[in-house]
Novice: 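Sharing a structure here in structure tokens format.
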Amino acid sequence: MADIKEIIAARVAKELADGNVVNLGIGLPTMVANFLPEDVHIVLQSENGIMGMGPAAEKGKEDVDIINAGAQYVTINTGAMYFDSAVSFGIIRGGHVDATILGALEVDQHGNLANWIVPGKMVPGMGGAMDLVVGAKKVIIAMQHTQKGAHKILKECRLPYTAVGVVDMIITEMGVMEITPEGIVLKELHPDFTIEQIQEATEAELIISPNLTAMK
Amino acid sequence: MADIKEIIAARVAKELADGNVVNLGIGLPTMVANFLPEDVHIVLQSENGIMGMGPAAEKGKEDVDIINAGAQYVTINTGAMYFDSAVSFGIIRGGHVDATILGALEVDQHGNLANWIVPGKMVPGMGGAMDLVVGAKKVIIAMQHTQKGAHKILKECRLPYTAVGVVDMIITEMGVMEITPEGIVLKELHPDFTIEQIQEATEAELIISPNLTAMK
Amino acid sequence: MKNKIMTAKEAVAPIKNGASIMVGGFMACGTPENLIDALVEKGVKNLTIICNDAGVPSRGVGKLLTNGQIKTLIASHVGLNPEVAQRMNTDVEEDKLECILVPQGTLAERIRAGGTGLGGFLTPTGVGTIVAEGKQVINIDGRDYLLEKPLKADVALIRGSVTDKFGNTTYNATTRNFNPMMATAAEYVIIGACEIVEVGEIDPNNVVTSGIFVDAIAGGEKPWQI
Amino acid sequence: MKNKIMTAKEAVAPIKNGASIMVGGFMACGTPENLIDALVEKGVKNLTIICNDAGVPSRGVGKLLTNGQIKTLIASHVGLNPEVAQRMNTDVEEDKLECILVPQGTLAERIRAGGTGLGGFLTPTGVGTIVAEGKQVINIDGRDYLLEKPLKADVALIRGSVTDKFGNTTYNATTRNFNPMMATAAEYVIIGACEIVEVGEIDPNNVVTSGIFVDAIAGGEKPWQI
């Protein structure tokens with residue numbers, strides 16, 4: 001079995017179309033850019049003030065005035081531009097970002113998302129996540145299906161929300177799920193797992209799509 | 001007697017201090033810039049997008065991309081900048097303009113101002129006037145005391161308001177008046193007129209300042 | 001990259017009768033005249049035009065007014081185009097113009113709110129005036145404000161000074177005015193450009209409007225005399 | 001023209017104990033380090049710091065935190081500075097940090113509202129979350145929004161890349177972030193500049209912050225490594 005993160009990132013990449021404006025969260029989501037087909041060029045938005053972000057800066061060639069939202073030194077692509085944080089979140093909140101891809105601590109069958117706080121334990125702050133998931137046209141959660149065996153895809157989130165009813169799609173190493181008014185629909189199942197296994201790893205009840213296919 | 005407009009503009013100029021950011025309305029207020037002392041440099045804001053506006057462009061040397069809010073071709077001073085209309089009115093509404101000087105159809109003893117509409121007759125629109133008088137730190141009305149003999153300084157405005165309780169000062173060819181919670185206080189009287197004459201030309205009852213001086 | 005360069009005629013082709021159209025410019029300084037001309041030629045009617053002002057009869061949105069294409073005009077100032085008053089007061093029902101006047105700062109901010117996903121904003125401008133009619137007044141820390149709502153449109157006609165082929169755009173001098181906000185607040189955005197350059201030729205620090213907002217680019221604009 | 005050029009020490013001299021201070025920068029990229037250092041040396045305490053984040057212990061506002069000068073921190077993200085959690089949870093009452101977390105877009109917009117005279121704005125961000133606690137929810141055209149209020153401060157510490165002697169300022173690359181809004185929202189604004197040039201040297205089309213907002217300019221900044 002290939003690296004779990006690569007499986008997820010590769011599948012997420014298929015959701016992106018040529019010309020899409022995309023905001024990638026820190027960590028796994030950042031890997032998505034590596035799996036885009038040759039003919040698909042996306043425009044990466046970084047909420048600290050870049051439209052048209054490029055790859056990480058080469059060691060020794062960093063321009064310390066150019067960072068991404070994860071405080072890593074990055075480059076920009078031809079045709080990029082910089083802007084301030086009010087403009088940046090105007091773009092985000094205004095619905096001009098086609099997709100945002102980020103991780104989750106918990107996501108539930110109503111599309112509610114929790115990914116910014118574990119009260120009493122971890123209080124890093126929401127950063128731009130609350131604006132991103134409310135503003136982006138499509139919210140894709142890319143994450144490992146469980147956290148050390150514990151459910152992350154729940155009937156109801158237990159942690160404080162990042163936002164309510166915003167998640168469109170969940171992509172894990174086990175499958176591809178869409179949030180619908182009826183609940184979570186399993187659209188694709190990874191060949192390494194059975195329906196029983198993915199259901200067992202999921203607290204929410206999965207609706208199995210009549211057109212269920214294999215996740216590639 | 002000197003030209004009435006020049007008398008008014010010259011007196012208004014004395015209200016401006018070195019470094020002040022000032023927005024001058026169309027017409028008489030524009031003349032104020034000609035009466036500033038040598039050591040007083042003000043920064044003119046034009047609401048269509050200039051900070052640091054200069055004098056009108058010389059005939060034949062116009063840059064048609066540079067106009068003022070009255071659609072006249074103008075120049076800019078060294079150190080000027082351009083901005084969009086949202087930024088421009090952010091500066092205005094945010095209290096960063098020290099003084100706005102503009103004309104009035106009517107102004108009353110409560111500091112209410114009417115200068116944008118005569119229902120059924122003249123409906124030019126308020127342009128930026130409503131924002132300017134609400135946002136500027138000091139609102140100076142510079143106008144002829146009466147309109148063909150009819151009162152313009154009233155007990156209560158009869159025309160629709162531009163804004164409520166915003167006028168700080170009225171400067172006419174007859175005198176200098178301040179709006180206070182008690183009413184309109186006559187601070188300076190032009191030597192060509194008597195108290196009786198200015199009162200007769202004013203519907204609102206003038207409070208005569210105990211320190212009344214001659215308007216110069 | 002998708003090709004966005006086309007003629008003004010091609011660029012305005014998708015615009016339909018009854019469309020709402022934002023038009024950049026302040027007294028037509030910064031208005032894309034070629035795009036206006038193409039719209040006049042196309043002859044679409046019953047338009048809602050959102051523009052700072054009504055231009056003059058021979059310039060800017062004034063041409064659309066003269067040609068009888070505007071049903072509703074949302075603007076802050078219309079005093080320099082005498083046709084506005086004539087059409088507002090006409091007895092010929094089909095020629096009648098509805099004119100909605102909005103304070104200039106509020107107009108700019110409403111368009112910005114439309115483009116940036118805000119549900120509205122609180123402004124002190126217009127409190128106690130007829131502008132406040134029908135609007136919610138909210139008191140914040142002892143001061144009254146009007147709740148003003150966002151403004152969006154089907155189309156925006158933008159005058160760019162320099163535009164690259166992706167649509168990244170800069171505006172020269174006072175042509176900037178309403179253009180940057182309008183470019184963010186419409187479904188279909190056309191740049192009428194004075195100069196079209198290759199992608200990458202504009203310093204990333206100086207781009208004002210991102211190409212992500214731009215659907216079509218037509219050249220041939222210039223700094224027009226008012 | 002009034003001289004605004006001075007040392008960092010002179011520039012921070014008017015800042016008092018208990019002041020509220022906006023500090024530009026995103027993970028200290030775009031933070032004026034010399035001004036922070038001068039503030040550390042001055043040793044003023046009980047500060048309210050408004051900044052996107054808490055920097056790291058050795059950079060940006062992190063230095064003020066390490067030095068025990070911050071009483072309240074208003075930020076969107078503090079996870080990369082472990083001292084924040086330590087000080088929030090300390091039992092030593094006088095070391096205790098109050099940390100108010102605000103969504104990043106809302107923080108930027110609240111500062112903009114403070115600088116532009118708005119009484120507040122309606123944002124969809126935070127609806128249904130603990131961010132909404134104590135805030136008015138207003139429904140506009142069928143969608144719920146939070147009413148968020150403006151944010152202002154006594155002082156703003158701004159990192160400019162190029163600043164002229166009047167204070168007109170540009171920001172290079174991603175150092176722009178919160179700097180432009182903060183420069184409009186404080187009573188006393190200091191630019192920490194990488195390069196100081198004569199008035200007129202910056203293209204009027206490219207100035208981002210107008211000198212009218214600027215009270216003091218100190219040189220000696222540079223693009224600092226995080």
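Per chain, numbering begins at 1; letters A, B, ... match sequence-line order. Treat the numbers as computed from the prediction; the structure is a model and nothing was measured.
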Novice: Relative to chain A, which segment of D:Val127 carries a heavy atom at a distance below 4.5 Å: side chain, backbone, both, or neither?
Specialist: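 For D:Val127, the backbone is the part near chain A, not the side chain.
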
Novice: Cut-off 3.5 Å, side chains only: do A:Tyr82 and D:Thr175 have a donor facing an acceptor?
Specialist: no

Novice: Assess, by modelled atom type and distance only, whether the side chains of A:Glu156 and A:His110 contain a donor and an acceptor separated by less than 3.5 Å.
Specialist: yes

Novice: Which atoms of D:Pro103 come close to chain A, meaning under 4.5 Å heavy atom to heavy atom: side chain ones, backbone ones, both, or neither?
Specialist: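 Both parts, backbone and side chain.
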
Novice: Taking atom types as modelled, find out whether D:Glu83 and D:Asn81 have a side-chain donor-acceptor pair closer than 3.5 angstrom.
Specialist: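 Absent: no donor and acceptor within the cut-off.
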
Novice: Below 4.5 Å from any heavy atom of chain A, which atoms of D:Arg110 appear? Answer side chain, backbone, both or neither.
Specialist: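 D:Arg110 has no heavy atom closer than 4.5 Å to chain A.
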
Novice: What part of A:Ile66 gets closer than 4.5 Å to chain D, counting heavy atoms only: side chain, backbone, both or neither?
Specialist: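 Both backbone and side chain.
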
Novice: Is it the case that the side chains of A:Ser46 and A:Asn68 hold a donor-acceptor pair, with the cut-off being a distance below 3.5 Å and no angle test?
Specialist: no

Novice: Between A:Ile67, A:Ile76, A:Ile117, A:Val134, which shows the greatest number of heavy-atom pairs under 4.5 Å with chain D?
Specialist: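 Option with the top pair count is A:Ile67.
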
Novice: Among A:Gly49, A:Pro160, A:Gly128, who wins on heavy-atom pairs under 4.5 Å with chain D?
Specialist: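 The option with the most such pairs is A:Gly128.
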
Novice: Would you tell me whether A:Ser85 and A:Glu47 have side-chain atoms, one donor and one acceptor, within less than 3.5 Å of each other?
Specialist: no

Novice: Please flag which part of A:Tyr73 lies under 4.5 Å from any non-hydrogen atom of chain D: side chain, backbone, both or neither.
Specialist: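 For A:Tyr73, side-chain heavy atoms alone lie under 4.5 Å from chain D.
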
Novice: With only heavy atoms counted, which part of D:Val208 is less than 4.5 Å from chain A, the side chain, the backbone, both or neither?
Specialist: neither

Novice: Under 3.5 Å, is there a donor on one side chain and an acceptor on the other for A:Asn48 and D:Asn177?
Specialist: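 Their side chains do not contain a donor-acceptor pair, so the 3.5 Å distance test is not met.
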
Novice: Please identify, among D:Gly126, D:Gly79, D:Ala173, D:Ala75, the residue contributing the most non-hydrogen atom pairs under 4.5 Å to chain A.
Specialist: D:Ala173

Novice: Which atoms of A:Thr162 come close to chain D, meaning under 4.5 Å heavy atom to heavy atom: side chain ones, backbone ones, both, or neither?
Specialist: backbone

Novice: So for A:Ala69, is it side chain, backbone, both, or neither that comes closer than 4.5 Å to the heavy atoms of chain D?
Specialist: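 It is both, since atoms from each part get that close.
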
Novice: Between D:Thr170 and D:Ser161, do the side chains contain an N or O donor and an N or O acceptor separated by less than 3.5 Å?
Specialist: no

Novice: Heavy-atom count check: over 12 atoms from other residues, nucleotides or ligands less than 6.0 Å from D:Lys222 NZ?
Specialist: no

Novice: Using a 4.5 angstrom heavy-atom cutoff, name the option from A:Asp84, A:Asp65, A:Val64 with the most pairs to chain D.
Specialist: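 Maximum pair count with chain D is reached by A:Asp65.
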
Novice: Who among D:Leu80, D:Leu101, D:Val84 has the most heavy-atom pairs with chain A under 4.5 Å?
Specialist: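 Result: the option with the highest number of such pairs is D:Leu101.
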
Novice: When you check the side-chain N and O atoms of A:His151 and A:Thr202, is any donor under 3.5 Å from an acceptor?
Specialist: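 No donor-acceptor contact under 3.5 Å links the two side chains.
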
Novice: Just give me the residue among D:Ala108, D:Pro223, D:Gly30 that pairs up with chain A most often, heavy atom to heavy atom, under 4.5 Å.
Specialist: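 Max contact count across the listed options: D:Pro223.
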
